[in-house]
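Structure first, commentary second.
The structure presented is a predicted model; accordingly, all values stated were derived computationally and were not measured. For the numbers below, each heavy atom of this structure counts, side chains included, while hydrogens, waters and symmetry mates do not. Just so we're on the same page: letters track the sequence lines, and every chain starts at 1.
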Amino acid sequence: MSGDHSHNEDQIMGGSRINDSHKHKDKYKEHKHKDYKRDKEKSKHGNSDYKDPSDKKYKDKEKMKHKDGSTEKNKDKHKEKRKEDKIKLLNDKVKKEKENGFVSPLHVKSEPEEDFYHSPKHEKSLKRERDEDYDSEFKPKKIKTENDKKVKKRKPGDEGDIKPKKTKTQKEVTDGKKKAKKEPEEKWKWWEEERYTDGVKWKFLEHKGPVFAPPYEPLPSRVKFYYDGKPMRLSPEAEEVATFFAKMLDHEYTTKDIFRKNFFKDWRKEMTAEEKATITDLKKCNFTEMSEYFKAQSEARKAMSKEEKQKIKEENERLLQKYGYCIMDNHKERIANFRIEPPGLFRGRGDHPKMGMLKRRIRPEDIIINCSKDSKCPEPPPGTKWKEVRHDNKVTWLVSWTENIQGSIKYIMLNPSSRIKGEKDWQKYETARRLKKCVDRIRAQYREDWKSKEMRVRQRAVALYFIDKLALRAENEGQEYVVEFDFLGKDSIRYYNKVPVEKRVFKNLQLFMENKEPDDDLFDRLNTSILNKHLQELMDGLTAKVFRTYNASITLQQQLKELTTADENIPAKILSYNRANRAVAILCNHQRAPPKTFEKSMQNLQAKIDAKKDQLSDAKRELKSAKADAKVRKDEKTKKAVESKRKAVQRIEEQLMKLEVQATDREENKQIALGTSKLNYLDPRISVAWCKKWGIPVEKIYNKTQREKFAWAIDMADEDYEF
DNA sequence: AAGCGAACTTAGCATCTGCGCG
DNA sequence: CGCGCAGATGCTAAGTTCGCTT
């Protein structure tokens, strides 16, 4: 593997970064608000009833802001501002501990790796993409029929026999027209089939439509709402919205001004004229009875008998069976989210200006159905109509609607285990593998470009450097020049990192800052469109996020190689795996708040360990005495006793060690979330190969859902797979 | 060529589930 | 045989990218 830089332990397991970077509630105090400039008031889309005057105001305000910054030309700039990023350059002659030795307190807007995106399109047809993105050795086409290694080849559609794992569900599918085809009893290996090459996503698509949120059930009349101390009966519409608020009473955000203001405004819109006249001050509203009622309800639900619970479960299962699957091109596929999002109060992440707004109930009239012409089109609920039925096989969604908060479109799509998602995922990793082949060249080039006389090129090159390494790695070159990043990234997760950079990069950054106000764009000659065009020239299909995928996967592979020791037992190997995974998660800044129960659960585990230790010393003592006994008696029976004691000791030792490993793992994982990288950035074939190589059951690494998503990888990767 | 919207991926937290334990 | 917890799953917001439009 070529030019991957290796990380030193410090950086990977790194102390300060993680500690510094967990989210904290008051981050906005320091960071001001996440600036929601991107909010573009799309509400025009037929949701005018929710259009909110204050939104407009917000928008206008935004505009003004933009104006004076004179930086409003492109999207990435919006983003930069929005994030309120800062890069502080610090001259690190001052050692780490002296962090206030900033040479230059300049605050410059900058971007985290993925912020330079945004490309112009380059017409790359879907078709081409498909074909080229797969590495030839795994071209399904080839595999298509008979090939190969372990696969007991079978074409989908043949009669089955493999363990009918999914049989039950599969059976029913056949009710429709697909009957003839006889649905495969075994799992369908879509990865062995020919792919579409022309942007077509499917030929046949049939489904039952979405499941709507249950209608509102008015509160029993004994549950009162009080206004200004006096009980008040609300109209069902107003009451429903009030219950949304009541359900959140325990949450901190019901105390936030913006939240309350937005809620109150939207709530009033649902009120009758009289209600509106009466209820003019949210502070005078008392929702506690409602809140108590819901708490009681949820208690009651927990206390339900198991028959009742069973019944609910069965009902859910029925719904799943009916609505949770579709038929796409002769195969029954699982739908990811077949339930429409229920109404409620919007809670954006971070300091969202729209928090508290009413997210309205979606009705059939809001829904667009997508299915094939020759399918049985889903029926809208009696007495209603769909907004539209279309037959667009160039997209993958089955149902869509426009949401009223941001005006964006929401979709119902297939599960990650489906062919359509899996192929795309596979393709993503193939693109990253292609990057592997030319990453040295690309790196060499951007380093060269740091010296360019064209500002544009320099900026592009520095940006690319950050995209490549920054979030993902920090090289240790002398530590003489350090850049400090501090901004809010996706989901308002704080990104905080100090990165040693090469001198040239540092100097360039200083240059970029010359003659600029702290609020100006650091990369003023760069936008995502330029960058992306450039990337596209460097490698077909290259976009900024490919670097993330590549760096994540290559790091996993490297770390696995480095951390796995042949003579370790399985739990120890798994710890190594998790550590490798953790290195990636840290690189990608995948953090989590330490689980609320973390301390407690750690203590529990420690208690178990202590207990196990006691048990072990007991067992050892017994072994000893058995041995002594055997020495004297020398009969078969005592010999046997010694043997069994010995075994017991061994077993307990093993258990103890397992617990200890578990404790280590958990501790190290305190504020790291492994799931995201595992699911989205790590080529699953690396993990599968590792499992095969070391004889680790793949279940130890991937749970059921993950195995379903990565079925293709589990099936096709052998132990010498190399990313 | 920039701006926008559609489509699709990524993300962390909330809620649920089922299993091991007392 | 219920309880509590950890891990699994659900949910939906917030990203990226592409390509169309103007």
Taking 4.0 Å as the cut-off, does a side-chain nitrogen or oxygen of [X] come that near to OP1 or OP2 on [N]?
X       : N       : answer
N703(A) : dA8(C)  : yes
K201(A) : dC8(B)  : yes
Y681(A) : dA11(B) : yes
K545(A) : dT10(B) : yes
K533(A) : dT17(C) : no
K302(A) : dC16(B) : no
K359(A) : dA13(C) : yes

Spacing between H590(A) atom NE2 and dA14(C) atom C1', to the nearest angstrom: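 Rounding to the nearest Å, NE2 of H590(A) and C1' of dA14(C) are 13 Å apart.
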Return the set of residues passing ring-ring contact (aromatic ring centres under 6.0 Å, His included) with [X] (not counting sequence neighbours), or none when no residue passes.
X       : answer
Y323(A) : none
F259(A) : Y253(A)
F212(A) : none
F338(A) : none

Salt bridge (charged side-chain N to carboxylate O under 4.0 Å, His left out) involving E299(A) - partner list, sequence neighbours excluded: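 Per chain and number, E299(A) pairs via salt bridge (charged side-chain N to carboxylate O under 4.0 Å, His left out) with K302(A).
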Taking for each residue the nucleotide of DNA chain C bearing the nearest heavy atom, is the 5' side occupied by R339(A) or by Q662(A)?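 Nearest nucleotide further toward 5': that of Q662(A).
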Does the dT12(C) base have a donor-acceptor partner in the side chain of R349(A) within less than 3.5 Å?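 It does, because a donor-acceptor pair links the side chain of R349(A) to the base of dT12(C) below 3.5 Å.
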Each nucleotide N or O in nucleotides 3-5 of chain C that has a protein N or O under 3.5 Å away: list the pair and distance.
from, atom 1, to, atom 2, distance (Å)
dC5(C), OP1, K600(A), NZ, 2.5

Give the C-alpha distance, both sets of side-chain angles, the deciding distance and a yes or no for side chain to side chain donor-acceptor pair (under 3.5 Å) between N581(A) and S677(A). CA-CA 8 Å; N581(A) 191 165; S677(A) 51; 3.2 Å; yes
Need one value for K309(A): base, sugar-phosphate or nothing, where a base atom within 4.0 Å counts as base even if backbone is also close, heavy atoms only.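 It contacts nothing in the nucleic acid.
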Contact class for F346(A) (heavy atom, under 4.0 Å): base, sugar-phosphate, or nothing?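 F346(A): backbone/sugar contact only, no base atoms under 4.0 Å.
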Are more than 12 heavy atoms from other residues, nucleotides or ligands located less than 6.0 Å from atom NZ of K612(A)?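 Yes, the 6.0 Å shell around NZ holds more than 12 heavy atoms from other groups.
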